[in-house]
There are 2 protein chains.
Amino acid sequence: MAKQKRSKAEDPTTEEKIIEAACKVFTQKGYAATRTRDIAEEAGINLALLNYYFRSKEKLFQMIMAEKLQQLFSVIFPIINNSQLTLDKKIEALAENYIDLLIGNPELPLFVLSEIQANPEGFKDKIQVQKILKDSSLILQIRERNPDIEPVQFIVSLLGMTIFPFVAKQVLFPNEKIFRALMEDRKKLIAAWAKAMLKTK
Amino acid sequence: MAKQKRSKAEDPTTEEKIIEAACKVFTQKGYAATRTRDIAEEAGINLALLNYYFRSKEKLFQMIMAEKLQQLFSVIFPIINNSQLTLDKKIEALAENYIDLLIGNPELPLFVLSEIQANPEGFKDKIQVQKILKDSSLILQIRERNPDIEPVQFIVSLLGMTIFPFVAKQVLFPNEKIFRALMEDRKKLIAAWAKAMLKTK
DNA sequence: GTCTATACTACGATAGAC
DNA sequence: GTCTATCGTAGTATAGAC
């Protein structure tokens, strides 16, 4: 048996332990503020070992970030492009799935957004949200439903209502339990509000 | 003439130059990623001089951050507590004033929020938004208007619609000119949408 | 694969001349 | 007040034993 390779019910591989630790520390403190020593300690291993598995802090970070971006987009993409779903269903699905994702990863949006802000060039190629949105069935459906509304404005509002509470969590919701309860309620609220918005003008 | 002290129509003081530079670099890259050398260079002065005026990177940062927090709150506070204003007027004023502020300082929210995330303890005392909101006339007016709506949920939506586009600017709006135009339109949109939301259920 | 020890670099901060 | 030069340290990364 040459290498470690599992992660079924068994103990996590060293590599997995490092990734998990890196995930935690990076998302909490951001790239620049995390020290590889912190990650090593969190993973319960040695600093040298971290450089053995991943060649550098940078490489490790990019791995984590790619994973996070994947998480974020894999929720949106299938929904907005599913032409089988009505506009109302899309809105409901978006609010519900996104909030579920974010309840499990509250620091995700702030982490991703602030790293992009800190290093925009590094993401220029990897992210073209406008392109993705441009041709989505979601845009068409909004135009169809209410031609007076600029679809982008509506989508930004929908995303804002959904994501913002998590971005501002630390400031607005000191109590974790209350926060979770509010976010659960919020799924239906956002859907209802978004639909009301579509009827304006 | 003992010290430099002006900043009328004249050239900025060295101290002012440093603050301005620090402002720019800190908000762009975040505390951990900025090097005092960058600030010095941006200010067109020497590294040693920076430590002469402000004792340390930390001190300089706290100064900037206090200023930024001040900026953010000084817009909200007078509006939500002005019992002279009707609910509708409050909503309009909030959207309009906040967007105007943020057009002038697009990186402000992401900067503040991510620094708080990176170092929550440092802000525990300085920020109690819940307390400020709790007793505001805004909350009362929302309850009065529509008892079925949880005021906090509504306010978070209002703030989300307003602030989120700036938080996600880098990702969603590569074109600066289009962005500004959208944000100008958005003032009225948010007000209209928020009012529609208040009629639901 | 995992460790200890260490090389190398970058950064914040200070000393001291002007 | 402003500079040049430098110290001390913390952080990434590597060499080499086990």
Side-chain angles (χ1 to χ4, degrees), chain A residues 1-8 10-65 111 114-115 118-119 121-122, chain B residues 1-8 10-65 115 118-119 121-122:
Chain A
M1 224 157 277
K3 269 198 171 180
Q4 296 178 287
K5 221 171 208 178
R6 272 133 310 132
S7 76
K8 304 190 182 196
E10 305 186 47
D11 296 330
T13 306
T14 298
E15 194 173 344
E16 290 169 342
K17 281 194 293 182
I18 296 175
I19 289 184
E20 196 181 356
C23 212
K24 178 173 173 183
V25 182
F26 274 139
T27 54
Q28 206 165 83
K29 313 217 281 184
Y31 176 76
T34 70
R35 295 166 305 163
T36 49
R37 284 171 155 86
D38 294 341
I39 297 175
E41 190 184 358
E42 177 76 30
I45 53 105
N46 191 281
L47 175 59
L49 206 49
L50 188 149
N51 274 286
Y52 170 77
Y53 279 100
F54 310 86
R55 299 201 351 159
S56 69
K57 179 187 179 183
E58 175 73 19
K59 295 258 185 207
L60 179 52
F61 175 75
Q62 287 179 357
M63 198 156 273
I64 303 291
M65 178 56 84
F111 168 67
S114 58
E115 293 300 338
N119 177 24
E121 293 77 21
Chain B
M1 224 155 277
K3 269 198 174 182
Q4 296 177 289
K5 220 171 208 178
R6 109 229 54 99
S7 77
K8 305 192 183 195
E10 304 185 51
D11 296 330
T13 306
T14 298
E15 194 172 344
E16 291 169 342
K17 281 194 293 183
I18 296 176
I19 288 185
E20 196 182 356
C23 214
K24 179 174 173 182
V25 183
F26 274 139
T27 53
Q28 206 166 83
K29 313 217 280 184
Y31 176 77
T34 70
R35 295 164 305 163
T36 49
R37 286 171 156 86
D38 293 342
I39 297 174
E41 190 184 359
E42 177 76 30
I45 54 104
N46 191 280
L47 175 59
L49 206 49
L50 188 150
N51 275 285
Y52 170 77
Y53 279 100
F54 310 87
R55 302 205 345 161
S56 69
K57 179 188 181 184
E58 174 74 19
K59 296 257 185 207
L60 179 53
F61 175 75
Q62 288 180 355
M63 199 156 273
I64 303 291
M65 179 56 84
E115 293 300 337
N119 177 24
E121 293 76 22

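Naming: A, B, ... by sequence-line order, numbering from 1 per chain.
Between the side chain of B:Lys17 and the backbone N or O of B:Ala40, no donor-acceptor pair lies under 3.5 Å. Although no hydrogens or angles enter the test, the distance criterion places a donor-acceptor pair under 3.5 Å between the side chain of B:Ser56 and the main chain of B:Lys59.
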Check nucleotides 9-11 of chain C against the protein and report each pair of N or O atoms closer than 3.5 Å, with its distance, or say if there are none.
from, atom 1, to, atom 2, distance (Å)
C:dC11, OP1, B:Arg35, NE, 3.3
C:dC11, OP1, B:Arg35, NH1, 2.8
C:dC11, OP2, B:Arg35, NH1, 3.0

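At a non-hydrogen distance threshold of 4.0 Å, B:Leu47, B:Ala48 from residues 39-48 of chain B come into contact with DNA chain C.
Separating the CZ atom of A:Phe54 from the C1' atom of C:dG1 is a distance of 14 Å, rounded to the nearest angstrom. Rounded to an integer number of Å, the gap from CG of A:Leu49 to C1' of C:dT4 is 13 Å. Separating the CD atom of B:Glu58 from the C1' atom of D:dA10 is a distance of 16 Å, rounded to the nearest angstrom. Following rounding to the nearest Å, A:Glu15 (CD) and C:dT2 (C1') show an atom-to-atom distance of 15 Å. Rounded to whole Å, the distance from CG on B:Leu50 to P on C:dA15 is 17 Å. Atom NZ in A:Lys17 sits about 13 Å away from atom P in C:dG1, given to the nearest Å. Summarising the geometry, the separation between CD1 on B:Ile18 and P on C:dA13 is reported as 13 Å, rounded to the nearest angstrom. If you take CZ of A:Phe61 and C1' of D:dG11, they are 17 Å apart, rounded to a whole angstrom.
Nearest heavy-atom pair across B:Thr36 and B:Leu47 is OG1-CD1, 3.4 Å.
With sequence neighbours left out, A:Glu58 forms a side-chain hydrogen bond (donor to acceptor under 3.5 Å, both in side chains) with A:Tyr31, A:Gln62. When the side chain to side chain contact (heavy atoms under 4.5 Å, CB included) test is applied to A:Ala48, the partners found at least two apart in sequence or on another chain are A:Asn46.
Across A:Leu60, A:Thr14, A:Ile19, A:Ile45, a single residue satisfies side-chain contact (heavy atoms from CB on, under 4.5 Å) together with A:Tyr53, and that is A:Thr14.
The shortest distance between side-chain heavy atoms of B:Asn51 and B:Lys57 does not fall below 4.5 Å.
Ring pair B:Phe61/B:Phe26: centre-to-centre distance below 6.0 Å.
Here salt bridge (charged side-chain N to carboxylate O under 4.0 Å, His left out) pairs that include residues 20-29 of chain A, with residues two or more places apart or in two chains, are A:Lys24-A:Glu42, A:Lys29-A:Asp38.
OP1 and OP2 of D:dA13 both lie 4.0 Å or more from every side-chain N or O belonging to A:Tyr52.
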